[in-house]
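Down below is the structure, laid out as structure tokens.
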Amino acid sequence: MKKLRCLVFIEADVVVRHFIHSNSFSELCKKHEVKFIFPEKGNKRFNNIEPKHLNIQGKYAYLDHNKNRYDAWKRMFHIDQLRFSPGPQAKAMRDFRRKTLKWKAASYYTILGLPIIWDLFKLIKKRQLLMSFNIDMQNLIKNFKPDILIHPCVLEGLFLNDLIQISKYYQIPSIVIMNSWDNPSTKNAMIGTPDWLLVWGEQTKNHAIKYCKMHASNVVKFGAAQFDIYNKLSKLSKSDFKTIYKISDEDFILLYAGSSKGTNEIKQLNMLEKAINEGILKNLKIIYRPHPWGQGGQNGSKIIDMKWKNILFDKSMVPYLSQLKKGIKTKFLSNYEDTHDILSNVDGVVSPLSTILIEAAIHGKPSLCFLPDEDQSLHFKIDSALIHFHDFFDSALFLKAAGYDNLIPKIMNLIEFSKTKDLPENLKKEANYYVKKFKSPYATRLNSFVETICMSGKNDK
């Protein structure tokens with residue numbers, strides 16, 4: 001077939017970590033003409049990443065985001081989130097949005113979201129936006145003449161709604177790819193729908209249909225680009241891993257994976273260290289891995305100086321912890337190969353609300369979701385009510401510990417639970433509900449999907 005002309009829009013540092021670092025577009029770049037579009041230099045969502053240092057295997061250009069249009073799309077999204085709607089998910093989203101907005105803006109948007117006022121406001125704003133274009137984006141489309149538009153994102157961002165609008169006008173097929181677990185249920189800032197939405201698995205397909213208003217036939221279970229490496233063997237054997245961390249053969253290795261929810265991880269780890277020293281938790285070694293942008297939770301800058309005997313630091317994250325000590329708070333674009341090595345060699349995982357609980361199941365490792373209710377973390381309290389966690393909480397294959405008093409007893413349960421017959425295979429099957437597993441690489445499947453769409457000439461919307 002002829003070479004396709006593909007525009008790929010990348011607008012956030014986490015998307016670079018999950019898609020560019022995973023070489024998700026490598027096959028597409030080999031077979032077709034691909035041009036990557038990045039936001040203007042210095043954009044805070046891009047975290048000072050230099051495209052010239054990325055292995056993107058294609059041409060690239062910068063595109064200034066249209067701030068006025070972006071702000072208008074975002075305002076509509078925020079107002080819609082603050083409007084009353086029944087159910088725990090809607091309430092959680094209202095609470096989350098009020099947390100992120102200043103009180104004046106939250107009050108103003110709540111008034112704009114009232115019946116009749118909202119209908120008139122939305123009608124006027126949508127007409128204003130849809131009667132005009134993002135001129136810079138329109139010129140890019142006219143000059144490059146793409147056969148397809150591809151946008152991996154968090155389902156909210158600088159380019160998303162302008163891309164959807166312009167793809168409809170020029171009848172260019174559009175593919176939007178979700179970036180992370182909660183995107184379809186909590187980040188769905190799309191005003192309109194793309195032609196195709198690629199999601200992780202059955203759970204996020206259901207959420208895309210319900211919350212993004214996508215037609216089922218246009219939502220495709222496609223797996224997660226960043227987890228592609230989990231199909232490979234770890235480069236570290238268990239014996240080598242134990243040698244590196246100086247762990248004896250009789251020890252149960254527990255990964256404590258921090259979250260981005262701002263809980264008190266130092267306090268939790270101190271509890272575990274004390275329990276091991278007192279013989280309550282026996283033959284246990286803990287590897288602490290902070291969330292790459294969770295900043296070690298409350299007072300995380302102090303973690304690197306903690307003198308624990310039984311809690312070890314994930315060696316790949318020591319530079320990040322050292323930065324936190326210096327007061328440098330930034331996202332650490334950690335390597336998924338390091339995560340794979342850790343998860344392949346630990347015996348269990350404990351974490352307060354992090355995607356790594358799903359990643360543990362992909363590896364067949366039992367996990368404990370710790371809900372530190374006593375922590376004064378508004379972020380945690382709001383997020384724990386969100387819908388994408390509900391299936392996880394309801395499954396008997398994932399253990400839960402609610403409150404500090406339950407943490408140590410539940411870790412004892414986890415150690416015993418890890419001995420359950422067929423547990424690894426059952427966990428992997430359960431993980432497939434969240435992240436569909438494929439034999440062929442993500443890059444190969446993405447290229448085939450793009451070719452199929454462009455060859456068929458279909459645009460089902």
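For the numbers below, each heavy atom of this structure counts, side chains included, while hydrogens, waters and symmetry mates do not. Note that the numbering runs from 1 along the sequence shown for the chain.
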Results of side chain to side chain contact (heavy atoms under 4.5 Å, CB included) for Lys210 - residues two or more places apart only: none
Under the side chain to side chain contact (heavy atoms under 4.5 Å, CB included) test, residues paired with Ser344 that sit two or more places apart: Ser234, His340, His363
Within 45° cone of Tyr245 ring axis and under 6.0 Å: Lys315 NZ or CZ: yes
Set of side chain to side chain donor-acceptor pair (under 3.5 Å) partners for Arg94, sequence neighbours left out: none
Nearest heavy atoms of Ile287 and Ile247, plus distance in Å: CD1-CD1, 4.4 Å
Sequence-distant partners of Trp200, ring pair (Phe, Tyr, Trp, His ring centres under 6.0 Å), two or more places apart: Phe227
Any residue meeting side chain to side chain donor-acceptor pair (under 3.5 Å) with Lys221, in chain and number order, not counting sequence neighbours: Glu202
Shortest non-hydrogen contact from Asn426 toward Leu397: O-CD1, 3.7 Å
Partner residues of Phe392 under the ring pair (Phe, Tyr, Trp, His ring centres under 6.0 Å) criterion, sequence neighbours left out: Phe398
Aromatic ring pairing Phe38/Tyr62, orientation class (parallel under 30°, perpendicular over 60°, tilted between): tilted
Pair Phe222 + Phe449: ring centers closer than 6.0 Å: yes
Which atom of Lys238 lies closest to which atom of Asp347, heavy atoms considered: NZ-OD1, 3.0 Å
Sequence neighbours excluded, every pair satisfying ring-ring contact (aromatic ring centres under 6.0 Å, His included) that has a member inside residues 271-297: Tyr256-Tyr288, His291-Trp293
Pair Tyr320 + Phe332: ring centers closer than 6.0 Å: yes
Tyr336 and Arg17, any side-chain heavy atoms less than 4.5 Å apart: yes
Ring pair (Phe, Tyr, Trp, His ring centres under 6.0 Å) partners of Tyr433, counting only residues at least two apart: none
Euclidean distance, Arg45 CZ relative to Cys153 SG, rounded to 0.5 Å: 8.5 Å
side-chain hydrogen bond (donor to acceptor under 3.5 Å, both in side chains): pairs with one or both residues in residues 434-449, sequence neighbours excluded: Asn447-Glu451
Partners passing side chain to side chain contact (heavy atoms under 4.5 Å, CB included) against Ile209 (at least two apart in sequence or in another chain): Lys205, Ala216, Val219
Minimum-distance pair of heavy atoms, taken over all atoms of Arg289 and Ser316: NH1-OG, 3.5 Å
Ring pair (Phe, Tyr, Trp, His ring centres under 6.0 Å) between Phe25 and Phe36, intermediate numbers included: CA-CA 10 Å; Phe25 302 102; Phe36 292 87; 5.7 Å; yes
Closest heavy-atom pair and its distance - Glu359, Thr339: OE1-CG2, 3.7 Å
Nearest heavy-atom neighbours spanning Glu430 and Ser395: OE2-OG, 3.3 Å
Residues in side chain to side chain contact (heavy atoms under 4.5 Å, CB included) contact with Glu40, at least two apart in sequence or another chain: Asn43, Asp64, His65
Ring pair (Phe, Tyr, Trp, His ring centres under 6.0 Å) against His207, all qualifying residues, sequence neighbours excluded: Tyr211
